[in-house]
Every structure is written in C-alpha cells, then in structure tokens.
Amino acid sequence: MYDVYKIREDFPILSREVYKRPLVYLDNGATTQKPRIVVDSLVNEYYSVNANVHRGVHFLSQQATELHEASRETVRGFINARSVQEIIFTRGTTESMNLLAYSFGEAFLNDGDEVIVSVMEHHSNIVPWQLLQQRKKIVLKVIPMNDKGELLMDEYRNLFTERTKLVSVAHVSNVLGTVNPVQEIIQIAHAHGVPVAVDGAQSTPHIPIDVQALDADFFAFSGHKIYGPTGVGVLYGKEQLLEKMPPYQGGGEMIQNVSFEKTTFNELPFKFEAGTPDYVATTGLAKALEYCAALGMENIANHEQMLTAYAMEKMSQIEGMRIFGQAEHKDAVISFLVGQIHHLDLGTLLDRLGIAVRTGHHCAEPLMRRLGIEGTVRASFALYNTKEEVDALVNGIERVRKMF
C-alpha cells in the first residue's frame, strides 16, 4: 500500500505553516523537498567523513572516495546504464546540456550541420545549442506541436537530412506535462543514424527510467528535482560517444599527465569532471534515489498520475479556467490561467493562502509564444502530495477568481 500520509512524515518542511496556514507545496517542478534521510546523510558526511576524494591516501579520503563512487553505482543502477563509466556527475541538467552541446559539438558538428529540438524545450536545451550556433554556424530545427501539446511526429520525420547530427528533446514538458514518445523519437532518429539526447529533468522523479531500454544516447537529470541536494546532477552518455568527445573543462582530476608541451586526459568518466566534485551532494543524491527505489517508481508514478487526473477534473470545472497541455499522456504538471487574472496576481494571492505554485514563462519562452500567452500559473505534484492539497488549490483558485 502507498501510504502518502506516512511518507509525508519523512519531509519535515511539509508540516510547517505559511501565513498561519498549512503549507501546500505544489512547486515540485522547480524543486522538490528533501526527506530526512537525505539531509542526515549530508550532515553525517560533513561531520564524520569529509575529505577530498580521489587524491588522498589517508583514511578519510579513501572513505569519502568510496562513498562518492558508490553513489555513481547507485545512479547507474537507478537508470540502468551499462557501466559507471557512462555516469558523469554535473551540477544539474543545465550543466549537463551545456557539457553535451560543447563537447558533442566540438567532436561531431561543423558549419551547416543540424540539431533537432522541440518547441516545448526548456531554455537549457535551447540556449546551449544557440551558443554552439554562434561558434559553428549549425542549424537548429524545431519539432512543432498541436494545440493539445503533443509533438507532431510526421513533421518530426520530415526534419531529417544528411546534415542532421543530433536530436535533443525533453522527456516530459516542464510546462505542459506532456510525456513525449521518446522511444519512438529515438527509433526514428536511429533509423537515420542520428543519436538522441533526452532531457530527463521532469521525467526522472516521476516515472521509471531505463536508458538501455530507451536506447538513449544521452540522458540528463538534476538531483534537486528528485528529492536530492541542489547543485548535483547527472549526464549519462553511451561510452563509445563519450570516448570521442573532448573535455568540457580543464583542471585537476580530468588529467592523466600535464606538461607545458602536452596534456593527456583521464579515462571516463573523470575526463568530464574537472576539479573537486560535490562529493557530499553525490551521497545525498544516492540516498534520494534509494528512497525513491524503496517506495517503487511504479508506485510513485501511479500516485502522481492519480493526482494529476483528479486535479485536471476538479480544475476544469472552475469558471474561466484554461489548462495548457491536454495531451493523452500527461503527468504531474498543470499549467493554467483563469479568466483575465494575471498569472502573477493569481500566484501571489494563492501564496497568501499557503499554496506554493510557480508563475511566469517557466524558462520556456518559445513555448509561451506558441501558446500566445506571456506566462502561466503552474502546479506540479510530487510523491508526497495529496488529494486534500489539490482540493485546497481548487478552493484557493475559486476564492481568488471571485475576488476579481
């Protein structure tokens, strides 16, 4: 049995009040709250194990290194990568995508080559390719969508040419909640001999991930969106591709030998991990993944899909409600506007009722232009949210609507 009320006891912040009202935290798409086991692991490591990893022969350094590399194995198992050499620690999805754009771009892209993205991408899967565009004059192609928020797969198929070198798409839209058909996207791309990168920031916390079953060439996600610490994330890449890509940054750890005449680089994954890693955060990330695995990702997915369906039904009954994203496959995110109420006003007044939601363009301005709006209010769900909290959101929206 999935006991959400028992689970909530693991998250102390959920019991606090905001403006003398119980906190209803529905901003999980931006960041999730942390269970005690994650925070305790950070405190314990700083107080009892703290030492720089990989470089020391003393006991603490050896112990810290073992914890850090054990965390890499935990990540490998959680997404079912073939080898720990394919797991690169980064600061989050944004750095993962920047690393990919720089290193893959240097290795494989030349003037006139093409990268395919979608209209619903987060800025972190748009701007790095535009920066590469400035350096190498690549061409950025965009998969369009229909009004329900579903990618137009026939249009996608027609984007490929002999110059297409990479497809890079979001697994789940952070605005629409659309679960994109990434397996089909990958199969189509591979039929053209083109690798695919998947932005998994909004999927990894919500559904089981198996990079080998997907046959993804690259996959990125952030620790803080899956109940782990901030400032840590992952880039998975197939070993044969990572071997051909140059380092993203230079410094300690990523080198094999250095002289003023020539430098040779370390083996995978360390070639892409210059400097001291956040080895305490990687332990926290591993604890978060273990926590989710113990609950069962299928159980989490079922709970959140139930909540999403319940919220969609309740919210659609509100007068003047406009929900953006009506895809058949949708999960954990609802973006909306009500009548002529500005999204900032609606979000601010909901906050005064203790309800935390996100407002604005959600780092997806091209998508906002496609929708013909400036921004939305976004409610996003997590494994600890309840139907009562959805009811509180609906009642709060109704209260604000009547004020206007």
Side-chain angles (χ1 to χ4, degrees), residues 51-56 61-108 124 128 166 168 195-201 204 209-212 214-224 226 228-229 231-258 263-290:
N52 210 329
V53 295
H54 296 141
R55 299 178 174 89
S61 180
Q62 294 290 316
Q63 194 173 17
T65 300
E66 288 172 7
L67 283 172
H68 181 62
E69 292 306 322
S71 299
R72 199 186 306 273
E73 168 59 26
T74 298
V75 173
R76 184 210 64 75
F78 190 80
I79 63 172
N80 193 32
R82 188 184 60 82
S83 165
V84 291
Q85 292 178 301
E86 299 178 321
I87 303 299
I88 300 164
F89 285 125
T90 65
R91 290 183 299 136
T93 305
T94 295
E95 185 175 54
S96 294
M97 301 311 293
N98 276 273
L99 188 164
L100 177 64
Y102 179 87
S103 294
F104 186 90
E106 289 300 310
F108 298 108
S124 62
L166 184 73
S168 188
V196 178
V198 178
D199 173 356
T204 309
I209 301 298
D210 186 330
V211 293
Q212 291 191 78
L214 288 174
D215 201 18
D217 301 280
F218 301 97
F219 190 96
F221 70 95
S222 298
H224 72 99
I226 188 166
V232 64
V234 171
L235 176 64
Y236 156 83
K238 288 182 178 177
E239 188 173 349
Q240 63 267 32
L241 289 170
L242 294 176
E243 289 283 8
K244 296 175 182 176
M245 291 162 52
Y248 173 50
Q249 296 177 320
E253 188 68 21
M254 51 76 65
I255 55 88
Q256 191 175 58
N257 294 290
V258 175
T263 293
T264 56
F265 303 123
N266 206 343
E267 62 186 11
L268 291 174
F270 309 113
K271 179 174 75 170
F272 294 104
E273 295 181 354
T276 298
D278 194 341
Y279 50 84
V280 177
T282 58
T283 301
L285 171 60
K287 292 296 182 184
L289 299 184
E290 289 166 356

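The side-chain hydrogen bond (donor to acceptor under 3.5 Å, both in side chains) search around Thr204 returns none, not counting sequence neighbours. Applying the salt bridge (Lys or Arg N to Asp or Glu O under 4.0 Å) rule to Glu66 yields no partners; only residues at least two apart in sequence or on another chain are considered. Here Glu95 pairs with Arg91 under the side-chain hydrogen bond (donor to acceptor under 3.5 Å, both in side chains) rule; sequence neighbours left out. Partners of Tyr102 according to the side-chain hydrogen bond (donor to acceptor under 3.5 Å, both in side chains) rule, which considers only residues two or more places apart in sequence or in another chain, do not exist here. Every residue two or more places apart in sequence or in another chain that forms a salt bridge (Lys or Arg N to Asp or Glu O under 4.0 Å) with Arg55 is listed here: Glu253. Under the salt bridge (Lys or Arg N to Asp or Glu O under 4.0 Å) criterion, Asp210 pairs with no residue at all, not counting sequence neighbours. For Phe108, the ring pair (Phe, Tyr, Trp, His ring centres under 6.0 Å) test picks out Phe104, with sequence neighbours left out. Applying the side-chain hydrogen bond (donor to acceptor under 3.5 Å, both in side chains) criterion to Lys271, with sequence neighbours excluded, gives no partner residue. Every residue two or more places apart in sequence or in another chain that forms a salt bridge (Lys or Arg N to Asp or Glu O under 4.0 Å) with Glu73 is listed here: Arg76. For Ser61, the side chain to side chain contact (heavy atoms under 4.5 Å, CB included) partners at least two apart in sequence or on another chain are Ala51, His58, Thr65. Qualifying ring pair (Phe, Tyr, Trp, His ring centres under 6.0 Å) partners for Phe272, counting only residues two or more places apart in sequence or in other chains: none.
Summarising the geometry, atom CZ belonging to Arg72 is positioned 4.0 Å from atom CD belonging to Glu273; distances are rounded to the nearest 0.5 Å. Taken to the nearest 0.5 Å, the CZ atom of Phe218 stands 11.5 Å off from the OG atom of Ser96. Going from atom OG1 of Thr264 over to atom CG of Asn257 covers 4.0 Å, rounded to the nearest 0.5 Å. How far OG1 of Thr276 is from CG of Asn52: 3.5 Å, rounded to the nearest 0.5 Å. Here the CG-CG distance, from Leu100 to Leu241, works out to 9.5 Å after rounding to the nearest 0.5 Å.
Side-chain contact check for Glu290 versus Thr74: some heavy-atom pair is nearer than 4.5 Å. Residues Ile88 and Tyr248 are not in side-chain contact: their nearest non-hydrogen atoms beyond the backbone lie 4.5 Å or more apart. At a threshold of 4.5 Å between non-hydrogen side-chain atoms, the residues Thr282 and Leu67 do not count as touching. Taking 4.5 Å as the limit, every side-chain heavy atom of Ile87 sits out of range of all side-chain heavy atoms of Pro269. Here the side chains of Gln256 and Glu267 are not in contact, with every heavy-atom distance at 4.5 Å or above.
Panel note: side chain Ser222, backbone Ala201; no donor-acceptor pair is recorded below 3.5 Å. For Glu106 (side chain) and Met245 (main-chain N/O), no donor-acceptor pair under 3.5 Å exists by modelled atom type.
Pairing each heavy atom of Ala216 with each of Val198, the nearest pair is CB-CG2, 4.2 Å. Contact between Val196 and Leu166 at its shortest, heavy atoms only, is N-CD1, 4.3 Å. The heavy-atom pair separating Met97 from Pro128 by the smallest distance is O-CB, 4.1 Å. Residues Phe78 and Leu289 come closest through the heavy atom pair CE1-O, 3.6 Å. Here the closest non-hydrogen pair linking Leu285 and Gly223 is CD1-CA, 3.7 Å. Taking every heavy atom of both residues into account, Phe219 and Gly200 meet most closely at CZ-CA, 3.6 Å.
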Val75 vs Phe221, test: side-chain contact (heavy atoms from CB on, under 4.5 Å). Steps then yes/no.
CA-CA 11 Å; Val75 173; Phe221 70 95; 4.1 Å; yes
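Between His68 and Phe89, the ring-plane angle classifies as tilted under the 30° and 60° cut-offs.
Residue pairs that meet the salt bridge (Lys or Arg N to Asp or Glu O under 4.0 Å) test with at least one member in residues 233-249, sequence neighbours left out, are Arg82-Glu239, Asp215-Lys238, Asp217-Lys238.
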